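Hydrogens, waters and symmetry mates play no part in the numbers below; they use all other heavy atoms, side chains included. Because the structure is predicted, anything quoted here is derived from the model rather than measured.
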Amino acid sequence: MIRLLHRWPGLLALLPVLMLALSGAALSVFPAAGRLTAPPAASSLSVADLAGRIAAHYPGVEQIKRAPSGRITAYWFNGDVAEAATIDPSTGEAVASADPNQAQRWLTNFHRSLFLGDGGRIVMAAGALAMLALSVSGLLLVARRAGGWRRWFAPLKGPLAGRLHVEIARIAVAGLMLSSVTALYMTASTFGLLPDQPAALVMPADVSGKPPMSVATIGALKATPAAGLRELSFPAADDPADVFTLRTGTGAGYIDQGTGAMLVWRGLTGWERVSETVYMLHTGQGAPVLGLILGLMALGVPLIGATGTLIWLAGRGSRPHLEGNAPLARASTVIFVGSEGGSTWGFAASLHKALRGAGLEVHAAPLASFDAGTLTHAHRVLILAATYGNGDEPASAKGFLAKLAAVQAPPAAPLAVLGFGDSSFPAFCGYARRVAELAAAKGWTELLDMAMVDRQSPQDLARWGSGLSTRLGLPLNIEHQPVLPAATALTLVSRRDYGADVQAPSAILRFAVPKSPLWRRLTGKGFARFEAGDLMGVIPRGSVVPRFYSLASASGDGFIEIVVRRQPGGLCSGQLTIMEPGDTVSAFLRPNPAFRLGGGKEPVILVGAGSGIGPLAGFIRANARHRAMHLFFGMRHAASDFLYGEEMAEWHAQGRLTSLITAASRGRRPHYVQDALRAEAQEVVRLIRGGARIMVCGGREMAAGVSEALAHMLAPAGLTPAMLRAEGRYAEDVY
């Protein structure tokens, strides 16, 4: 819901919000410029002194005004000709024209009403309201993405457009909220919707009618500092019953010209004081530094709008167009989709089409939009859920489990869960399993047993669809052809081979980084920006199912590097390990934020075996700040498959690698990487108790052995790997 409140005001009201922000940013310069160019006035100068000096040069003066910037303007008649000028308060003489800055006047009218009168004011007020909605919803979304209010300025991950969007927003949001709230207040005041209009001053009956005193000698004016003046209007020269009208920052009153006495005084009401403050906060008049700060924040709106549009377009591109997607309130069948890269949406589209072909009203939506209260008319609910990382929720399912856990009673419509994943990974369909388990615990009626689709198999989908067809008593013709991700041709520039002598042929493959246009860098598409630990998807010839390899380099290194071990009968690894420099392969990038080093100064314990050294080597290579890194590396034989052996010594000498402990499973004293950890148990426990982060990469059996060894070592300290995972200090990339 919050995301919808953030998205649609931003898209629908983007133009008025941009016009408000840019014109407001331009106007923010004028108060500061006025303060700099205003003639200086002595702090002890009174209104009487100022008026006396001006009257001495311009006897026909009728009015004196002081702007919040300190600029003094006088108005008088020279014969029958009305004149005005900016006054030097120290002399009372004219120093500049009183005509307002033409650019400022044009911008002010444009900012207020687009030169369209009241209709334009309403349009700009709608823009301010949209800006407020965007600011409040953005505030909540940033806090949720960062992990809470305390992590408001936590480092961000993900595509450049998304990071820029949040970075700018979390700096500018306070100013944008202040500007939008004050703009709405001022619009309401303009249309008389607030009780802030000043009460009229009543002319007193006891005016003396005596001959006028010199303005410089009037006591009430001598007691009023010129710095507090807003406006002084002089009495008519031929009317002894007329009075001076004085307005200051604290109120307004009438002064007898014959006696100099204050006849009546009315202080500002509470509403008037609020309005004065709102005017100052919105325009910067009287607070030029604040005005400049708000103007700078407003300049972030075009960038926020541009990056937000790119994020929206990228999100739309990740899901197919669903023809005839029925409104939720009318749908008998609801499909919820939890997808990370978009492939699960393709399966959902095929299922959606088949169900519609059977005559059903079908509604498909992201799993994150789940709301049990909106499913009262549904006859069945189908959840198609992919798994991200080590059993984590995919992007379009954010927050679903928490919503389901909070439900008191499950929806009446029965549920079927279909998981998507790769059975070569240990957490195969792990998220879908969690969904099914929680639904069962909540008592949600099961339509079908949970099923799984392995490696985007159309056959697995067809088998599940057959069961659904039987259960519904409807003929379903589900035809699905997996859509290949948009891939880039990568050219191999070098290779280094290892492991042939121990029957574990492996290679370090280095590819050239393809050129990326600006829009790809902004949206994070292609290989415009990547980090060690991200995944490179390779589409082998003769297959539609990509294989993933962890990157051993970052975009700043200037190359794309992976470590590949040839698997017996492996289609993709077989093709990669016979590549020669100059050959190309089709590949795409998939971010892997769950396995990134992150910032901080805490020590890092890196544990890997075989080709799992890839991302760990990338972390070490990028460690220019000499963060303490301790590597435990397992191999078969040091003479044959010591991957990155040459670089390790160099990285250690440079301070990028603090310590290196190896374990060889073949040789005089065979042992594994978990044995090496046990041998250094005292130091490992000391590092972990001191806040160290653990990164494990390699085969699932190795990872399980490492977890078991650490559990035994940490038990006396009252710690477990599970506790470290919960704290974000234990990450795995296993296969």
Worksheet item: Do Y498 and F642 have ring centroids that are under 6.0 Å from one another?
Response: no
Item to complete: Can you establish whether the number of heavy atoms outside E708 located under 6.0 Å from its atom CD is more than 12?
Response: no
Item to complete: Examine Y431 together with F400 and report whether their ring centres are nearer than 6.0 Å.
Response: no
Worksheet item: Does a donor on one side chain sit under 3.5 Å from an acceptor on the other, for R566 and T577?
Response: yes
Worksheet entry | Sole residue of L384, I383, L351 in side chain to side chain contact (heavy atoms under 4.5 Å, CB included) with L418 | L384
Worksheet item: Which atoms form the tightest heavy-atom contact between V673 and G608, and what is the distance?
Response: CG2-O, 4.1 Å
Response to the item:
Residue pairs passing the ring-ring contact (aromatic ring centres under 6.0 Å, His included) test with at least one member in residues 597-627, sequence neighbours excluded, are F595-F619
Worksheet item: Is the shortest distance from a Lys or Arg side-chain nitrogen in E646 or R496 to a carboxylate oxygen in the other one below 4.0 Å?
Response: yes
Fill in: Presence of salt bridge, D534 and R596, under 4.0 angstrom
yes
Discussion item. Out of the candidates Q654, E647, E561, only one should pair with R621 under the side-chain hydrogen bond (donor to acceptor under 3.5 Å, both in side chains) rule; please name it.
Written reply: E561
Item to complete: Before accepting this row, confirm whether a basic side-chain N of the pair E393/R434 lies closer than 4.0 Å to the acidic partner's carboxylate O.
Response: no
Fill in: Donor-acceptor side-chain pairing of S659 and H630 below 3.5 angstrom
yes
Worksheet entry | Under-4.0 Å salt bridge between E650 and R656 | no
Worksheet item: Listed by chain and number, what are the side chain to side chain contact (heavy atoms under 4.5 Å, CB included) partners of I168, not counting sequence neighbours?
Response: L303, I304
Fill in: side chain to side chain contact (heavy atoms under 4.5 Å, CB included) partners for Q575, two or more places apart
P540, R541, L571
